[in-house]
Number of protein chains: 2
Amino acid sequence: MVTLSDVARHAGVSASTVSYALSGKRPISDETRRRVERAIAVLGYHPHAGARALAGKRSHIIALVVPLHTEVYVPTMMEIAIAVTVAAREHGYDVLLLTNDEGTEGVRRVAASGLADGVILMDVTLDDDRVSVLRALDTPAALIGLPDDPAGLSCVDNDFALAGALCADHLADLGHRDVAFVGYGSGVYRRHAGYAERTLTGFRERAERRGLRFLHRPCEGTYESTAGTLSRILADRPDTTGFVVQNEAAIGPLLSLLRAGGRIVPEDASVIAICPEPLADQHSPRLTSVTGPTRELGQAAVAQVMARITAMAEGGLPEDELRLMAPDLVVRESTAPAPRRNSHR
Amino acid sequence: MVTLSDVARHAGVSASTVSYALSGKRPISDETRRRVERAIAVLGYHPHAGARALAGKRSHIIALVVPLHTEVYVPTMMEIAIAVTVAAREHGYDVLLLTNDEGTEGVRRVAASGLADGVILMDVTLDDDRVSVLRALDTPAALIGLPDDPAGLSCVDNDFALAGALCADHLADLGHRDVAFVGYGSGVYRRHAGYAERTLTGFRERAERRGLRFLHRPCEGTYESTAGTLSRILADRPDTTGFVVQNEAAIGPLLSLLRAGGRIVPEDASVIAICPEPLADQHSPRLTSVTGPTRELGQAAVAQVMARITAMAEGGLPEDELRLMAPDLVVRESTAPAPRRNSHR
DNA sequence: TTGTAAGCGTTATCAA
DNA sequence: TTGATAACGCTTACAA
């Protein structure tokens, strides 16, 4: 292995000079800098990561904790993971992949051993055990998703309230008056899924402001439950012409059922899906959708841990950040102006 | 930070004793072991990763290189990545996530800096640059996928030849006589895609042995190209009753087209898909499929790097392994006994 | 602008 | 069965 002293010897300087030349933490004459760079290139020197971590008190590694079995769409998760990795590199960091099959032990281990300087948690739920561990360890961390109490932590997430609002606006703009929100199964609302409530709240407020009459119906996502949901909606509000679906699994069933019921999308009924783009794109008709920025989520999370790592290294108290990323509404083929009233009575 | 000497002091022993108690590399009396364990628990000691890597010449990290844009189904890739991570933990290893947006530099960096003791490459193609880099660096490595020259390397992959053979067997067993293989676009065959040829070869040999008459047709996977492929097949061999599809993208179109052409699956035509289970499951009718074991791929790759790391640490020459994992044929609803001849003439 | 030297927290080689 | 002690390769005061 080529070491720093090898480089120093080859360049005819001291080891510290090489170190400083590399880190730029003190001025180096052009002449020496060149000699050092030359030696590094010739010898093919790469600083030893362990030694660097030991002496420098920084591993230059962040841990990324991915959910083992997730409710989120896997390709989206993968895209975030890759975005995190790429963004980390731009800060000179590498990414350690952690699953939570060790429970919270994994996080504790890498943080306490100095393996990772910081942690990014994906798919955070309202009451997430891992969050308390991180807070207790006082490790620089960023969460993707919102816990119930984000105090002392930095978080990024999609702005689901805005997503809901965009849906209401779009339907209102198209002249729909009676709309329905087909949500997740009631279990999701009862449990840790903050995003479900946030979406609904955002939708409700905007719907009210825009004078929409609306119904919220939870939906398990199976064909049968979607059928039940839809028929109840139409029984309660036969004039419903706009649908917002947040449960990805219910999208396919809903479309089939509308078709089966003689309602053409988008002529008779408009449908907006809150889901990743590829999903919206693969249905027929292609769905108007509201989608959060995926890569940006990862990048923002990295920026947040980096900020915290730097702050703590300088002995400061890191600032809590809460960043909500605005989703995009993409109009495709499943939404259109509301039909004239009573055409389906 | 709690250090080894803190533990030693608390337990009233020397630092080396604690180290040995932890590694088990020399006998320790029950009495001292207990004291040491006690101290570790009380103080909440975690060995410093960097120090361990520096002194022990092992980082206990392997790098996993994932493709940036992959041709493989993302959930499968994710499942492999997670399987690798979990399996690595069982060997006391953590996993560093690498993309190849740095080109081959990432691999070089982590190997040369001692950040990773070994590397696993996912989605390896026949002529993969990363492979030559690894060979040159002489880093313990395992490949998932087969390069053209696996000499000096360990590889795991699905046994695609067997996958092809299983398809031929299943159709032959059901009494089909004329079958068609709907493959990937011709570009895939012209390029680096060893798995495509291997599948085809396995299918062809078994088909011949079983006395099947068969046609191979490449297919780009769009609706139009699938339509063209299918009509040519039926023009050339009107009696074709069995279909094997390897191009995931062509599955949907093929099913629609058969239906549109008045052929009921599986009564009039049987279809086998070579694809991941979830994909086979989400079509209607649910598809009989041939699927490689995903998690096992990851586990095997980990076993292989570990073997090579150990061998090299002991100064030995690691043994090359080439492990092909047997795929499973799962019979679902898309295959049935061949219909009586000429029913569609 | 550069060099010297004292750690950083382990592992492993000697002795005892 | 245990204890000193010298590496391991780098960073960073402190001197010059």
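Order of the sequence lines fixes the chain letters, A, B, ..., with proteins taken first and strands second; residue numbering starts at 1 for each chain.
In this structure A/Arg89 satisfies the side-chain contact (heavy atoms from CB on, under 4.5 Å) test together with A/Asp94, B/Glu102, B/Arg109, sequence neighbours excluded. For B/Arg295, the salt bridge (charged side-chain N to carboxylate O under 4.0 Å, His left out) test picks out B/Glu79, with sequence neighbours left out. In this structure, the ring pair (Phe, Tyr, Trp, His ring centres under 6.0 Å) partners of A/His60, at least two apart in sequence or on a different chain, are A/Tyr93. In this view, B/Glu314 satisfies the salt bridge (charged side-chain N to carboxylate O under 4.0 Å, His left out) rule with no residue, not counting sequence neighbours.
Of the residues in residues 307-315 of chain B, none lies under 4.0 Å from DNA chain C by heavy-atom distance. Interface residues of residues 106-113 of chain A facing DNA chain D, ordered by number: none; criterion, heavy-atom separation under 4.0 Å. For DNA chain C, no neighbouring residue in residues 36-45 of chain A is found when judged by any heavy atom under 4.0 Å. For the segment residues 12-35 of chain A, residues with any heavy atom less than 4.0 angstrom from an atom of DNA chain D are, sorted by number, A/Ser16, A/Ser19, A/Tyr20, A/Lys25, A/Arg26.
Minimum interatomic distance between A/Ala39 and A/Ala11 (heavy atoms only, all atoms of both residues): CB-CB, 4.0 Å. Summarising the geometry of A/Val72 relative to A/Asp123, their closest heavy-atom pair is CG1-OD1, 3.1 Å, with the distance given to 0.1 Å. The two residues B/Arg33 and B/Ala21 have their closest heavy-atom pair at NH2-O, 3.8 Å. B/Gly292 and B/Asn158 get closest at one heavy-atom pair: CA-OD1, 3.3 Å. A/Met1 approaches B/Ala112 most closely through the heavy-atom pair CE-O, 3.7 Å. When all heavy atoms are compared, the tightest approach of A/Ile28 to A/Tyr20 is CD1-CB, 4.1 Å.
You'll find the side chain of B/Val156 reaches within 4.5 Å of the side chain of B/Met325, heavy atoms only. Within the 4.5 Å cutoff, side-chain heavy atoms of B/Cys155 are placed close to those of B/Leu322.
Distance check: B/Leu97 CG to B/Thr99 OG1 gives 7.5 Å after rounding to the nearest 0.5 Å.
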Would you check, one step at a time, whether the test side-chain hydrogen bond (donor to acceptor under 3.5 Å, both in side chains) holds for A/Ser19 with A/Ser16?
-> CA-CA 5 Å; A/Ser19 177; A/Ser16 61; over 6 Å; no
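A/Glu37 has no carboxylate O lying under 4.0 Å from a charged side-chain N of A/Arg34, or vice versa, which leaves the two without a salt bridge.
Partner of A/Leu64 under the side-chain contact (heavy atoms from CB on, under 4.5 Å) criterion, out of A/Ile80, A/Val95, A/Leu98: A/Val95 alone.
The span of DNA chain C lying next to chain A, judged by atoms under 4.0 Å from heavy atoms, is bounded 5' to 3' by C/dT1 to C/dG9. The nucleotide range of DNA chain D contacted by chain B, defined by atoms under 4.0 angstrom from heavy atoms of the protein and reported 5' to 3', is D/dT1 to D/dG9.
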Check residues 133-148 of chain B and write down every donor-acceptor pair under 3.5 Å in which the side-chain atom is one partner and the other belongs to a residue at least two apart or another chain.
| from | atom 1 | to | atom 2 | distance (Å) |
| --- | --- | --- | --- | --- |
| B/Arg135 | NH1 | B/Asp149 | O | 3.3 |
| B/Arg135 | NH1 | B/Ala151 | O | 2.3 |
| B/Arg135 | NH2 | B/Asp149 | O | 3.2 |

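For the helix from C/dT1-D/dA16 to C/dA16-D/dT1, the terminal axes (five pairs an end, C1' atoms, rotation from four pairs onto the next four) enclose an angle of 30°, given to 10 degrees.
Here the side chain of A/Ser29 pairs a donor or acceptor atom with the backbone of A/Thr32 at under 3.5 angstrom.
Between the side chains of A/Ser154 and A/Asp320, no donor-acceptor pair of N or O atoms lies under 3.5 Å.
The environment of B/Arg38 atom CZ is sparse: at most 12 non-hydrogen atoms of other residues, nucleotides or ligands sit within 6.0 angstrom.
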